[in-house]
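Shown next, in structure tokens, is the structure this report addresses.
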Amino acid sequence: QKTNAVWVVHFIGLYSSQITTSLATVSTIMSLRLASRRLLAAKQSLFKSGACAYTTHSQLPEEHKMVYDMCRKFADEELAPNAGEWDKKHQFPQQAIEQLAELGLMGINVSEEYNGSNLDAMSYAIAMEEISRGCASVGVIMSAHNSLYLYPCETFGTPEQKEQWVAPYAHWAPGEMKLGCFGLSEPGNGSDAGAASTTAKKDSDGGWILNGTKMWITNAHEASAAVVFATTDKSLKHKGISAFIVPTDIEGFSLGAKEDKLGICASSTSNLIYENVKLPADALLGQEGQGFKIAMQTLDGGRIGVAGQALGIASASIDVAAKYALERHAFGKPIAELQSIQNKLSAMVVARDAARLLTWRAAQLKDNKEKYTREAAMAKLAASEAATMCSHQAIQILGGMGYVKEMPAERHYRDARITEIYEGTSDPVF
């Protein structure tokens with residue numbers, strides 16, 4: 001009931017960092033949920049017939065506009081003013097993540113049965129862009145938790161696994177944060193996900209013994225659990241990989257040092273190290289040998305999240321460049337009146353908007369249960385390249401001011417670079 005009540009507070013525009021609810025909101029949220037489902041069903045019918053595809057924010061259904069407005073307000077008031085300080089100190093934004101949980105965004109696609117907000121992929125794409133516009137580090141924390149941890153646990157987990165590993169992670173009380181992470185990449189394999197050297201061998205009591213190291217893991221130092229991929233039958237190659245849900249307080253597990261990264265510095269990235277970790281039989285996620293399929297299906301949806309993050313960085317870059325161009329005077333007028341500056345800004349907007357259309361297309365295909373692997377890859381590729389281009393041009397427009405930490409342009413430039421690398425680098429993503 002709390003999650004639903006939290007959503008109605010924000011859906012009717014009564015945002016505040018300290019959320020209070022009453023029993024009266026329960027019936028209201030039920031009406032909103034029913035209206036949302038009916039609207040979604042109508043949208044799906046129209047989309048399948050080719051009569052409907054959203055291309056602008058003004059065309060979005062009311063529930064999507066509410067998500068957009070809520071996330072935009074939160075990004076402007078809570079994230080953007082603090083993002084620079086979090087980046088400078090490499091400080092995990094604990095309070096902001098707690099607030100995201102209160103807003104229902106840390107379980108945005110999870111069903112209500114398991115404490116989630118039960119919203120669709122389109123809502124997720126919209127939310128990711130706006131949250132990342134405020135702070136790209138907060139965006140990747142949210143993305144890794146939702147796309148890479150909660151999605152495979154809910155999609156492939158048993159009812160018992162969902163109760164233990166999804167429900168407490170989709171929504172939590174203040175001070176009781178439950179983050180998840182995704183252990184796929186290794187020191188010897190990145191894009192070649194089928195070459196996992198981490199192993200899980202069956203124990204005499206029916207459990208598993210896990211050994212290996214996972215690398216480049218977002219949320220590593222804050223996570224309470226991880227979805228980990230390990231080879232269970234080397235002779236079967238990628239068909240011999242299985243997935244496991246592994247808590248981070250288990251004996252034999254340790255963390256590597258935090259990576260000192262170029263960007264997204266407020267999120268932790270580290271190694272997950274497993275040395276003779278004994279897992280119970282029910283730690284297996286899905287079927288034995290299904291791990292590669294789980295990983296690939298998870299990354300398809302994850303690329304929509306990363307595309308949203310990249311769009312947020314691109315939008316933030318456009319915002320800072322346009323504002324500076326209007327305020328900075330040269331030759332007796334704002335530089336925004338110079339055609340060369342106008343050309344740069346227009347190219348930035350075109351790249352961002354084109355990538356957004358690709359991202360929304362992938363999200364709508366996913367919502368309509370159609371194939372979207374190629375479309376998600378296209379969206380991620382276009383959005384990440386747009387983020388890099390827009391952040392580069394923003395520094396160019398700001399000149400010397402773009403090169404110093406006094407302005408956020410250089411942070412956007414550093415944050416953008418990783419979007420072309422993780423969850424499928426731009427080179428082999430197709």
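Residue numbers start at 1 and run along the sequence shown. As the structure is a prediction and not an experimental result, all values here were calculated from the model.
The heavy-atom pair separating Ala121 from Asp367 by the smallest distance is N-OD1, 2.7 Å. Here the closest heavy-atom approach between residue Met389 and residue Ala351 is recorded as CE-CB, 3.4 Å. Here the closest non-hydrogen pair linking Ala383 and Ala310 is O-CB, 3.3 Å. Nearest heavy-atom pair, Ala257 versus His221, reported as atom, atom and distance to 0.1 Å: C-NE2, 4.2 Å. Across every non-hydrogen atom of Ala230 and Leu210, the tightest pair is CB-CD1, 3.7 Å. Nearest heavy atoms, Ile294 versus Pro152: CG2-CB, 3.9 Å.
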Legend entry - Stepwise side chain to side chain contact (heavy atoms under 4.5 Å, CB included) test for Leu150 and His145: CA-CA 6 Å; Leu150 285 174; His145 178 73; 3.5 Å; yes
Inset, instruction - In sequence, state the C-alpha distance, the side-chain angles, and the governing distance for Cys135 and Trp86, and then conclude on side chain to side chain contact (heavy atoms under 4.5 Å, CB included). - result: CA-CA 9 Å; Cys135 178; Trp86 293 331; 3.9 Å; yes
Legend entry - side chain to side chain contact (heavy atoms under 4.5 Å, CB included) evaluation trace for Met106 with Trp172: CA-CA 9 Å; Met106 296 306 283; Trp172 61 79; 3.8 Å; yes
Inset, instruction - Quick one: do Ser268 and Glu222 satisfy side-chain hydrogen bond (donor to acceptor under 3.5 Å, both in side chains)? Show the steps, please. - result: CA-CA 8 Å; Ser268 69; Glu222 294 78 29; 2.6 Å; yes
Inset, instruction - Might you work through the side chain to side chain contact (heavy atoms under 4.5 Å, CB included) test for Asp76 and Arg133, ending with a clear yes or no? - result: CA-CA 9 Å; Asp76 288 339; Arg133 186 179 60 83; 3.0 Å; yes
Inset, instruction - Apply the test side-chain hydrogen bond (donor to acceptor under 3.5 Å, both in side chains) to residues Gln309 and Thr419: give CA-CA distance (whole Å), side-chain angles for both, the deciding distance (0.1 Å), then the verdict. - result: CA-CA 8 Å; Gln309 182 199 22; Thr419 65; over 6 Å; no
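Looking at Thr388 and Glu420, their side chains do bring a donor and an acceptor atom within 3.5 Å of each other. The closest side-chain donor-acceptor pair between Trp165 and Glu154, if any, does not fall under 3.5 angstrom. For the residue pair Ser123 and Asp120, a side-chain donor N or O sits within less than 3.5 Å of a side-chain acceptor on the partner.
Between Ser315 and the choices His412, Arg352, Glu130, the side-chain hydrogen bond (donor to acceptor under 3.5 Å, both in side chains) rule is met once, by Arg352. Across Thr199, Thr198, Asn276, a single residue satisfies side-chain hydrogen bond (donor to acceptor under 3.5 Å, both in side chains) together with Asn211, and that is Asn276. Checking each of Tyr422, Tyr149, Trp216, Phe229 against Phe182 for a ring pair (Phe, Tyr, Trp, His ring centres under 6.0 Å) leaves exactly one that passes, namely Phe229. Just one of Lys65, His64, Gln59 meets the side-chain contact (heavy atoms from CB on, under 4.5 Å) condition when paired with Pro61; it is His64.
Around the NZ atom of Lys261, the shell of radius 6.0 Å holds more than 12 heavy atoms that belong to other residues, nucleotides or ligands. Counting non-hydrogen atoms of other residues, nucleotides and ligands closer than 6.0 Å to OH of Tyr274 gives a total above 12. The 12-atom threshold is exceeded at NZ of Lys162, counting heavy atoms of other residues, nucleotides or ligands nearer than 6.0 Å. For Lys278, the NZ atom counts as densely surrounded, since its 6.0 Å shell holds more than 12 non-hydrogen atoms of other residues, nucleotides or ligands. Open room surrounds CD on Glu251; 12 or fewer heavy atoms of other groups in view lie less than 6.0 Å from it.
A distance-only check finds a donor-acceptor pair linking the side chain of Lys380 to the backbone of Gly424 [under 3.5 Å]. The backbone N or O of Gly312 lies less than 3.5 Å from no partner atom in the side chain of Ser132, so there is not a single donor-acceptor pair. Listed for the Gln290 side chain is no donor-acceptor partner under 3.5 Å among the backbone atoms of Ala243. Under the 3.5 Å distance criterion, the side-chain polar atoms of Arg303 are matched with a main-chain donor or acceptor of Glu423. Side chain of Thr248 to backbone of Ala223: a donor-acceptor contact under 3.5 angstrom is found. The main-chain N or O of Gln364 is found under 3.5 Å from a side-chain atom of Asn368 such that the two form a donor-acceptor pair.
The side-chain heavy atoms of Thr213 and Leu272, taken from C-beta on, include no pair separated by under 4.5 Å. Looking at heavy atoms from C-beta onward, His90 lies out of side-chain contact with Lys258 at the 4.5 angstrom threshold. Contact annotation: the side chain of Cys153 approaches that of Val227 to within less than 4.5 Å [non-hydrogen atoms, C-beta and beyond]. Side-chain contact between Gln161 and Phe156: absent, with no pair of heavy atoms (C-beta onward) separated by less than 4.5 Å. Using a 4.5 Å heavy-atom threshold, the side chains of Ser254 and Ile273 count as touching. The shortest side-chain heavy-atom distance between Tyr124 and Ser147 falls under the 4.5 Å cut-off.
A centroid separation of 6.0 Å or more is found between the aromatic rings of Tyr114 and Tyr169.
Below 30°, between 30° and 60°, or above 60°: for His57 and Trp360 the angle between ring planes is above 60°, a perpendicular geometry.
With respect to Glu129 and Arg356, a salt bridge is recorded, a charged nitrogen being found less than 4.0 Å from a carboxylate O.
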